[in-house]
Amino acid sequence: MAILHKIDVTGIRLFANHGCMNEEAIIGSHYEVNISVWANLSASVESDDLNDTVDYVALYAIAKEEMAFRSKLLEVVCQRILDRIMNEHPLIQKATVNVAKLNPPINGDVERVALTFTTER
């Protein structure tokens with residue numbers, strides 16, 4: 001059985017212009033991104049070297065960069081973030097990305113709507 005360790009980068013707060021309505025493209029909205037990745041980090045435990053682990057600063061950068069590209073659907077944003085994580089970090093065996101739109105334009109009192117995508121190698 002393979003050893004897997006988990007890294008969480010949670011509460012990434014960003015402002016972006018996603019959404020189907022034209023107003024959302026103009027006004028924008030607040031979002032929260034949460035990322036969890038699983039990898040065997042045994043080498044980094046031995047070496048104490050950043051090159052042997054998954055750099056959480058890089059995970060944050062992926063979320064920030066992909067959130068800057070407007071999409072109508074959060075599904076597209078989640079998949080882009082997930083794809084980049086898996087493509088750029090071969091050490092990662094499993095990843096979960098959660099993107100939440102805070103105070104969505106729904107005719108009601110709703111704190112957030114969120115999507116969660118998970119993939120494994």
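Basis for what follows: all heavy atoms, side chains included, without hydrogens, waters or symmetry-related copies.
- In D48, the CG atom is not crowded: 12 or fewer heavy atoms of neighbouring residues, nucleotides or ligands sit closer than 6.0 Å.
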Task: Residues S36, T96; criterion side chain to side chain donor-acceptor pair (under 3.5 Å); working and verdict - done: CA-CA 5 Å; S36 295; T96 295; 5.8 Å; no

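- Looking at every heavy atom in both residues, P104 comes nearest to K101 through CD-O, 3.7 Å.
- Residues V97 and L91 are members of one and the same hydrophobic cluster, defined by side-chain heavy-atom contacts under 4.5 angstrom among Ile, Leu, Val, Met, Phe, Trp and Tyr.
- With R84 as the fixed residue, the side chain to side chain donor-acceptor pair (under 3.5 Å) test singles out one of Q79, H89, E65: E65.
- Rounding to the nearest 0.5 Å places CZ of F117 at 10.5 Å from CD1 of I81.
- Using a 3.5 Å distance cut-off with no hydrogens or angles, the side chains of T116 and N98 do pair a donor with an acceptor.
- Looking at D55 and L50, their side chains come closer than 4.5 Å, going by heavy atoms from C-beta outward.
- If you chain together hydrophobic residues whose side chains sit under 4.5 Å apart, Y60 and M86 fall into the same group.
- A donor-acceptor pair is defined here as one N or O able to donate and one able to accept, closer than 3.5 Å; no such pair exists between the side chain of R112 and the backbone of Y31.
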- [ ] Check the pair N40, H5 against side-chain contact (heavy atoms from CB on, under 4.5 Å), reporting the backbone distance first and the verdict last.
- [x] CA-CA 6 Å; N40 185 333; H5 305 94; 4.0 Å; yes

Side-chain donor-acceptor pairs of residues 10-21 under 3.5 Å, sequence neighbours excluded:
residue : atom : partner : partner atom : Å
R13     : NH2  : E32     : OE1          : 3.4
N17     : ND2  : A25     : O            : 2.8
H18     : ND1  : S71     : N            : 3.1
H18     : NE2  : M67     : O            : 3.0

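- When all heavy atoms are compared, the tightest approach of T118 to K94 is CG2-CE, 3.8 Å.
- Each of I3, L4, I7 was evaluated against L41; a single residue qualifies, I7, per the side chain to side chain contact (heavy atoms under 4.5 Å, CB included) test.
- Note: the hydrophobic cluster containing V9 also contains V77 (ILVMFWY, side chain heavy atoms under 4.5 Å, direct or indirect links).
- By the rule that hydrophobic residues join a cluster once side-chain heavy atoms approach within less than 4.5 Å of another member, V45 and I92 end up as members of separate clusters.
- Both V33 and V57 are members of a single hydrophobic cluster when ILVMFWY side chains are connected at heavy-atom separations under 4.5 Å.
- Across all their heavy atoms, I35 and I85 have their closest contact at CG2-CD1, 3.8 Å.
- No side-chain donor-acceptor contact under 3.5 Å links R80 to the backbone of E75.
- The side chain to side chain donor-acceptor pair (under 3.5 Å) test with D52 singles out one residue from S47, S44, S42, and that residue is S47.
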